[in-house]
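Here is the structure we will look at, set down as structure tokens.
In what follows, every chain begins at residue 1, and chains take the letters A, B, ... in the order their sequences are listed.
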Protein chains: 2
Amino acid sequence: MARAATTADAFNAVAEPLRRDILDALADAERSVGEVVDLLGLGQPQASKHLRVLREVGLVDVRDEGRRRLYRTNAHALRPIHEWVSRYEEQWNERFDAVDTVLEELKESES
Amino acid sequence: MARAATTADAFNAVAEPLRRDILDALADAERSVGEVVDLLGLGQPQASKHLRVLREVGLVDVRDEGRRRLYRTNAHALRPIHEWVSRYEEQWNERFDAVDTVLEELKESES
DNA sequence: TTGACACATGCCGATATGGGTATATATTGA
DNA sequence: TCAATATATACCCATATCGGCATGTGTCAA
């Protein structure tokens with residue numbers, strides 16, 4: 001059998017560091033491909049391809065403006081990730097970190 | 001140049017659906033490899049390999065008990081993901097969803 | 001219409017991936 | 001010591017991935 005498709009969902013799209021950088025760059029403002037290229041120092045096809053993946057997963061929206069194409073992050077598509085990860089959140093919260101701290105201090109005072 | 005290493009961080013480890021399932025299975029209780037195999041219906045080597053990836057990224061802790069090996073989810077390693085995703089959280093919150101709703105209704109009433 | 005720009009795609013090479021089968025390694029019990 | 005059990009590894013296959021180069025496609029301006 002073969003490898004599982006990996007560019008199919010938000011989890012995979014976001015697994016690539018460059019794509020996270022791109023999302024960060026498009027989070028606050030609409031930008032053209034060229035701007036992304038300059039901003040992150042990528043090759044133009046490289047940028048286009050990553051943007052394609054992000055688009056297919058719904059992580060970015062596109063808008064045509066003349067011969068430029070303006071991309072913008074669509075955070076909604078990150079929700080599934082947030083929801084999945086949040087289920088584990090209580091395991092590292094302040095409450096629990098506080099316990100950790102106490103344990104650390106105990107360990108300290110023992111030595 | 002080559003493909004980027006993908007089993008190197010939590011983002012990538014978690015990109016594989018089966019590994020999320022494994023983490024979910026190990027979140028509430030320590031389990032042996034065999035139990036994971038039975039629980040998720042995996043091949044034994046398959047399970048061992050995914051557990052290896054999770055271990056290398058720190059997403060699971062291991063403990064030897066006789067000839068069995070007990071794994072358990074370590075949610076702390078999910079923190080980087082949570083932190084990154086959370087920066088986008090406000091963009092899908094109720095407040096904003098409310099705005100979306102209004103816009104939707106406007107669009108509706110136009111047609 | 002033609003040329004310049006902005007972007008998307010096709011193709012290739014090197015490599016990493018996930019699954020399967022077979023085998024090594026370690027621990028327990030007889 | 002030897003068989004059985006529990007995991008981990010090695011190896012192979014089919015395929016997906018990322019990056020780079022070359023080229024297609026669409027848009028503007030003269």
Residues B:R87, B:E83: salt bridge by 4.0 Å N-O rule: no
Between [X] and [N], is there a side-chain N or O to OP1/OP2 distance below 4.0 Å?
X	N	value
B:H50	C:dG19	yes
A:S32	C:dC7	yes
B:R19	C:dG18	yes
B:R69	D:dA8	yes

Mind calculating the distance between [atom1] ([X]) and [atom2] ([N]) to the nearest angstrom?
X	N	atom1	atom2	answer
B:Q44	C:dA22	CD	P	14 Å
B:L51	D:dA8	CG	P	7 Å
B:E16	C:dT17	CD	C1'	9 Å
B:L40	C:dG19	CG	P	12 Å
B:R67	D:dT7	CZ	C1'	11 Å
A:K49	C:dT9	NZ	P	11 Å
A:R52	D:dT17	CZ	P	12 Å
B:D38	D:dT7	CG	C1'	14 Å

Among C:dA8, D:dA6, D:dT9, the one nearest any side-chain atom of A:Y71 is C:dA8
If you pin A:P45 and A:D64 to their nearest nucleotides in DNA chain D, which one's is more 5'? A:P45
Ring geometry between B:W84 and B:F11 (parallel below 30°, tilted from 30 to 60°, perpendicular above 60°): perpendicular
For the side chain of A:E35 and the backbone of A:S32, is there at least one donor-acceptor N/O pair under 3.5 Å apart? yes
Quick one: does any side-chain atom of A:R31 pair with a main-chain N or O of A:A25 as donor and acceptor, under 3.5 Å? yes
What nucleic acid atoms does A:G66 come within less than 4.0 Å of, heavy atoms only: base, sugar-phosphate, or nothing? sugar-phosphate
Looking at every strand, decide which applies to A:L18 at a 4.0 Å heavy-atom threshold: base, sugar-phosphate, or nothing. sugar-phosphate
If you take all heavy atoms of A:G43 and A:V37, which pair is closest and at what distance? O-CG2, 4.1 Å
